[in-house]
Number of protein chains: 4
Amino acid sequence: MKFPILIINFKAYYEASGRRAVHIAKAAERVAKELGVNIAVAPNHLELALVAQSVEIPVYAQGADVESPGAHTAHVAVDNIKEAGASGLILNHSEAPLRLNEIAKLTARAKAAGLDVVICAPDPRTSLAAAALSPHAVAVEPPELIGTGRAVSKYKPETVVETVQLVGRHFPDVAVITGAGIESGEDVEAALKLGTRGVLLASAAVKAKDPYLKILELAKPLAAGPP
Amino acid sequence: MKFPILIINFKAYYEASGRRAVHIAKAAERVAKELGVNIAVAPNHLELALVAQSVEIPVYAQGADVESPGAHTAHVAVDNIKEAGASGLILNHSEAPLRLNEIAKLTARAKAAGLDVVICAPDPRTSLAAAALSPHAVAVEPPELIGTGRAVSKYKPETVVETVQLVGRHFPDVAVITGAGIESGEDVEAALKLGTRGVLLASAAVKAKDPYLKILELAKPLAAGPP
Amino acid sequence: MKFPILIINFKAYYEASGRRAVHIAKAAERVAKELGVNIAVAPNHLELALVAQSVEIPVYAQGADVESPGAHTAHVAVDNIKEAGASGLILNHSEAPLRLNEIAKLTARAKAAGLDVVICAPDPRTSLAAAALSPHAVAVEPPELIGTGRAVSKYKPETVVETVQLVGRHFPDVAVITGAGIESGEDVEAALKLGTRGVLLASAAVKAKDPYLKILELAKPLAAGPP
Amino acid sequence: MKFPILIINFKAYYEASGRRAVHIAKAAERVAKELGVNIAVAPNHLELALVAQSVEIPVYAQGADVESPGAHTAHVAVDNIKEAGASGLILNHSEAPLRLNEIAKLTARAKAAGLDVVICAPDPRTSLAAAALSPHAVAVEPPELIGTGRAVSKYKPETVVETVQLVGRHFPDVAVITGAGIESGEDVEAALKLGTRGVLLASAAVKAKDPYLKILELAKPLAAGPP
C-alpha cells in the first residue's frame, strides 16, 4: 500500500451507482495521473468488477464476509474480491461494523491474498486494537462527524493526534489515516499535518457537481510532498 | 416475472467470479434464446453491474440490505440494484437468511421499483409465511439437500407438493418454485411435474465443465410446454 | 394460552431490573387474582428465573435464541426458558427482530415444549406472515407508536382492524393482540373493541409510580366480559 | 478483579439451568471458602439474578448488549447486569462473538459501572487487540479445543505462552487467563505454570456428577501460591 493516499468511498450513494460509478472512478484516475498521487476508489459491491475493469488505479472493496469462496449466497469473499480485480479492502467502517474475530481473520486472509487492508475505528483506543491486528492502515473516523462536513482534522484534531501517537508507539508499521467530515483540500492538508498518512472520504467527491474538479482539489495536498 | 423459469444462482463460487461470471451468464443467454425459455442469472454482488451490462436476459441480485441508497458503506440497496441493471431479487436464501420484518420491507420496496421478487424458505410452513408477503414467487429449498446432488424433486417430493398446495390455497397469485440438489434435466422435469413453476439451482450450472451444455440440458424441460 | 390477556413487557427498563422485577410481577399477580383476569409478565432475561420463582401468574420470556441447550455462551435456549419456570415466549418484538427461518423454528420448538408463543409484527401484512407460522397469538405493533403514549387502538385503529380481518380470514386459530402506545384502561378497552383478544404493553405499567394501581386500571377492561 | 481466578461458565447447559444453576454456584462458593481462592460463576442470563441473590462469590454475566437500560426488549444492559447483582462480565466468547466497536464500548461502560471485564479471544494476535481495549483480563481460548477435553495448556501451550508474552509486552496491566478443554486440576496447574493468572472453564464443572468435588480438584492449584 502506497502513502500518502486518498481513498474515495462510494458507499451506497445513488450518485455513484450503475454507470456513474465508472464515471467517478475515471475522474479519480485522471487526477491520480495528472498529480502523480495515490488515489484509490472503493465502489459499492454491485459495481466492483465493473469499475475494476475500467480503471488502472487501485480499487478497494468496502467490506467482505468471512466465508471462503463457495456456496455462500449473497456473501462477498476475499478471494473473489481479488478475482473481481480489486487490490484492497476496507474493514469495519462504522456503517458496516464487524466482529473482532472476523476482522482478525479477514485481515490475515486479505494480506495473504495480496490485498491492501484498511481497518476503520471510531476512536483512538479502538484504533489501537485494530492496529494490533497488523493491517496496512487504520482509519480513525469519529462516527458523529461522518457526513457532516465538519472535518475531523479541524473539529477533533486531538482524536487524530492521539491515534497517531498511540498506534505509532505500539505498532509503528501500521499507518494512520483519518476521515469524517472531510470536504476540502484544506481539510486534507490539515489531516496530513496532524501526522496521518492519508484520508478516507466519501460524499465530498461522490456528490460533487464535477467529481474531477473536486477530487483535484482534495488530492492536491498529497502532491505537496511526503508527510 | 415470467414462468416457467430457471434461475441460476452463482453464489460466491470461485468458478463464477470475475470474468467467469460473464462467461456463464452468456451461456445462459444463448440457451434462453435458442430454446425460447425464461432463464435468469444471479451473479455475486461483485459482478452484478458487469454481468447486467453484458447480457440481455434477466439478472437477479442474490440479496439486498434494507437501507435506502446513501451513506451505507458495504450495503446493497434495492434502488442501486436496479441502477446496476438488475431486474430481480432473491431474498432469504438459507445461506443468507433475513429478518421477517426486513423481508417484508424489501419485498414491498423491490416490487415498487419494478423488480421481480423471489423469497426462499426451507419448508412448506415457512414458504406459506413468505408467500403472505406477496412476492412474485417463493422458492422452497430444504437446506439439507442444497449442494448434495440429491434433488428435492426426487428425494423430498412431498415437501414440494405440500408447499404448492399450501401456498396455492391461501395465496394463489404467488408462484412456487423449488431448488436444492437439482443436477439434471430430469430433476427439473420432475420439479415441474410436481406443480412448481420453475427451479432455482447453482452448482450444477456454475461448476459444469461446459456451462452452455449443462444449462441446455437443465432448461429443456421448460421448453416442453407450460406447466 | 388464555384470552383475553394483558402481557406486561419489562423490556430492559432500569425500573424493572433486579429486585424491582419481582415487585412489579407481584403487583400484576395481585391484580390478576383480584380481578380474575389473565395477566402475564415478561421480565428481562436477567430476572426470568427469579421472577418465575416468585409469582404464580404466567411468566413469558422476551425472546430466545435458536440453539438447543448446550455449549452456547450467552444464548437463551427454549428448553432452558421452560426450566427457568416460564410458560410463554414473545418473539420478534420490533426491538429484537428475528430471522423468518428462526421464528419458524422457535415457534415449533416452543410449542413442542408447551410454551405459549406470541409473535410480534409491525403491520397487517407481516402479522399475516407471522400467523402462518401457527403461534398462539400475533401482536401487531406499529413501531412508530411504541413508547409514545399514543395508543395504536386510538391512533391506528385501521391497522388493528385490518390485522384482525386478514389473520381471521386465513388463520382463524391464531389470536390477534395489539400494543404500542397503550397507556390507560381506556386504550385497552378500545383495543378489545376493535376485535383483539389482548394487549401487550410495557412502559405504562413498568414506569408507573404505583404499578399495582396502574395495572389494576389497565386490566379492568379484561374483566368486563369475553371479547 | 482478583487473581489467580477460576471462572466457571455455565453457558446454556441444561445441566446448569433453573434451580441447578444455584446448586452449582453454591458448590463453587463452598470450594472458594474452604480453599480461600477466587472463584467466579457465570450463569446463563436466565438465572443471573437468582444466582446472584444466592451466593456471595463473584457472579459474572456471560455477555451483554450495547444498549443502555430502557426500551430494548430481550436486550441485556450493562447497568442492569449490575442491578441484578453481578460483579463481572465476559465479552466476546467464541460462542457469542461481538463487534470490535461494541467490545470497546461495553468494556468502557462495564468498567465505569465497577464490573470486572474479561474479553475472550481465539488466538494471541486477537488477544492483543482485546488487551488494547483495557479490560481487566483477556482469556485466550482456541475455539477448536473448546469442549474437547484436550486442554489448551497441554495441547497448545505455545498459544498460551505467546499470548502471555505479547500482551505482557504491550499492555502489562491486563491479565491473561486461558481456557478450552480444561478438565482436571492438572490442566489448571499447567495453565498457571505457563504464566496465566487464571482459567475459564465450563463443561468440566457443569457436567460433573458431583460439581463440588470436581470444582475442588480444579481450584486446588490456585491455592498453591500466587502465580
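Below, chain A is the first sequence line, B the second, and so on; all start at residue 1.
For C:K156, the NZ atom is loosely surrounded, since the number of other residues' heavy atoms within 6.0 Å does not exceed 12. For B:K111, the NZ atom sits in a packed shell: over 12 heavy atoms of surrounding residues, nucleotides or ligands are nearer than 6.0 Å.
For residues 71-83 of chain B, heavy-atom neighbours of chain C at less than 4.5 Å comprise no residues at all. Contacts between residues 115-129 of chain B and chain C, counted as heavy-atom pairs separated by less than 4.5 Å, involve B:P122, B:R125, B:T126, B:L128, B:A129. Residues of residues 167-189 of chain B that come within less than 4.5 angstrom of chain C, heavy atom to heavy atom, are B:H170, B:F171 in numerical order.
Both the backbone and the side chain of C:L133 come within contact range of chain B, with heavy atoms under 4.5 Å apart.
Chain C forms the most heavy-atom pairs under 4.5 Å with one residue out of B:S94, B:A132, B:A130, and that residue is B:A132.
Looking only at side-chain heavy atoms (C-beta outward), C:N92 and B:N101 come within less than 4.5 Å of each other.
For residues 86-141 of chain B, there are no ring pair (Phe, Tyr, Trp, His ring centres under 6.0 Å) pairs, not counting sequence neighbours.
Of the residues B:L91, B:L100, B:L98, the one that meets the side-chain contact (heavy atoms from CB on, under 4.5 Å) test with C:L100 is B:L100.
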